[in-house]
Amino acid sequence: MRVGIYAGSFDPITKGHQDIIRRALKIVDKLIVLVVNNPSKKYWFNIEEREAMILESMESQYREKIEIHRYEGLLVDFMREKGVNLLIRGLRAVSDYEYEMGYAFTNKELSQGKAETIFIPASREYMYLSSSGVREIAINQGDISAYVDKALEEKIKLRAKELVK
Ligand code: ADP
């Protein structure tokens, strides 16, 4: 069984992330969605909320094939623990390229050559979509329906309201 890891903050999960998860599952049989938590970073949604939103937004046929995990350490240590060497990343506009290449090379080096990264190009409609963009629109009471799953819209709007109070 081929297993891959898709790591990110997912604060919150967007349609762009969902698209990568669905497409990754054409390549792997099981996808570990790793919700990264950096204790020094401020998130809109805590780790439990971010995990729940991933499950809530994915259709059951995909939900069956994903496993949600959380980790605070180095990605390569998590990969070694799980015995998984395949990392899947989404690649948006050119601006992602520099960061993502550095990330891929560093992970390869830190894992003594074991960790491999596969990039899935962002779909045209999600090329410029990011969680931070969604948060920015939401905080200004804009329409986020094109960017996040319907099931999450209200939750995100509500959080935006709480944050401007
Ligand atoms: P970060 O923790 O850097 O904010 P994210 O959690 O937003 O990263 O994203 C995790 C992964 O998903 C990264 O590989 C990122 O490039 C990818 N990704 C994010 N948004 C999109 C999108 N709209 N289309 C394709 N890939 C995306």
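Quantities reported herein were computed from a predicted structural model and do not represent experimental measurements. Atoms considered below: every heavy atom in the structure, side chains included; atoms not considered: hydrogens, waters and symmetry mates. Atoms within each ligand, like the ligands themselves, are counted from 1 in listed order. Throughout, residue positions are numbered sequentially from 1 according to the sequence presented.
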> Atom 16 (O) of ligand 1: which protein heavy atom is closest, and how many Å away?
Gly90 O, 2.6 Å
> Looking at Gly8, which atoms of ligand 1 are within less than 4.0 Å of one of its heavy atoms?
6 (O), 10 (C)
> State whether the shortest distance between N or O atoms of His17 and N or O atoms of ligand 1 falls below 3.5 angstrom.
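N/O-N/O distance under 3.5 Å: yes.
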> Heavy atom under 4.0 Å from ligand 1: found in Ile120's side chain, backbone, both, or neither?
neither
> For Tyr126, take its heavy atoms, then give the atoms of ligand 1 lying under 4.0 Å from any of them.
22 (C), 23 (N), 24 (N)
> State whether the shortest distance between N or O atoms of Arg92 and N or O atoms of ligand 1 falls below 3.5 angstrom.
yes
> Considering the options Lys155, Glu153, Lys157, which one meets the side chain to side chain contact (heavy atoms under 4.5 Å, CB included) requirement together with Val148?
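Running side chain to side chain contact (heavy atoms under 4.5 Å, CB included) over Lys155, Glu153, Lys157 with Val148 returns exactly one hit, Glu153.
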> Assess whether a salt bridge exists between Glu154 and Lys161, defined as any Lys/Arg side-chain N lying under 4.0 Å from an Asp/Glu carboxylate O.
no
> Tell me, which protein residue and heavy-atom name are nearest atom 6 (O) of ligand 1, and how many Å apart are they?
Ser9 N, 2.6 Å
> Would you mind checking if Lys15 and Asp19 are paired as a salt bridge, meaning a charged N to carboxylate O distance below 4.0 Å?
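Between Lys15 and Asp19 there is no salt bridge, as every charged N stays at least 4.0 Å from the carboxylate O atoms.
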> Between the side chains of Asp11 and Lys41, is the shortest nitrogen-to-carboxylate-oxygen separation below 4.0 Å, so that they form an ion pair?
no
> Determine whether any protein heavy atom is located less than 4.0 Å from atom 3 (O) of ligand 1.
no
> Please list, in number order, the atoms of ligand 1 under 4.0 Å from a heavy atom of Ile20.
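Per the distance check, 25 (C), 26 (N).
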> Mind checking whether Phe10 has an N or O less than 3.5 Å away from an N or O of ligand 1?
yes
> Does one side chain, of Ser123 or Arg23, offer a donor that lies under 3.5 Å from an acceptor on the other?
yes
> Write out the residue and atom name of the closest protein heavy atom to atom 12 (O) of ligand 1, then the distance separating them to 0.1 Å.
Tyr6 OH, 2.6 Å
> What protein heavy atom is closest to atom 24 (N) of ligand 1, reported as residue, atom name and distance in Å?
Ala122 CB, 3.5 Å
> Ser40 and Asn38: side-chain donor and acceptor closer than 3.5 Å?
yes
> Report yes if the side chains of Ile88 and Val28 come closer than 4.5 Å at any heavy-atom pair, otherwise no.
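Sidechains of Val28 and Ile88: in contact.
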> Would you kindly check if the NZ (Lys) or CZ (Arg) of Arg50 is within the cone defined by 45 degrees around the ring axis of Tyr43 and under 6.0 Å from the six-membered ring centre?
yes
> What protein heavy atom lies closest to atom 10 (C) of ligand 1? Include the residue and the distance to one decimal.
Ala7 O, 3.4 Å
> Do we see a donor-acceptor contact under 3.5 Å between the side chains of Glu116 and Asn85?
no
> For the pair Tyr99 and Tyr103, name the ring-plane relationship: parallel under 30°, tilted 30 to 60°, perpendicular over 60°.
parallel
> Can you see which heavy atom on Val3 is nearest to which on Leu86, and at what distance?
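Looking at all heavy atoms of both residues, the closest pair is O-CB, 3.8 Å.
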> So, does Glu100 sit close enough to ligand 1 that a heavy atom of it is under 4.0 Å from the ligand?
yes
> Counting from 1, what ligand 1 atoms have a heavy atom of Asp96 closer than 4.0 Å?
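It comes down to these atoms of ligand 1: 16 (O).
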> Return a yes/no value for Leu129: is any of its N or O atoms, backbone included, closer than 3.5 angstrom to an N or O of ligand 1?
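Yes, Leu129 has an N/O under 3.5 Å of an N/O on ligand 1.
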> Just distances here: any N/O of Arg89 and N/O of ligand 1 closer than 3.5 Å?
yes
> Is there any N or O on Lys41 that sits under 3.5 Å from an N or O of ligand 1?
no
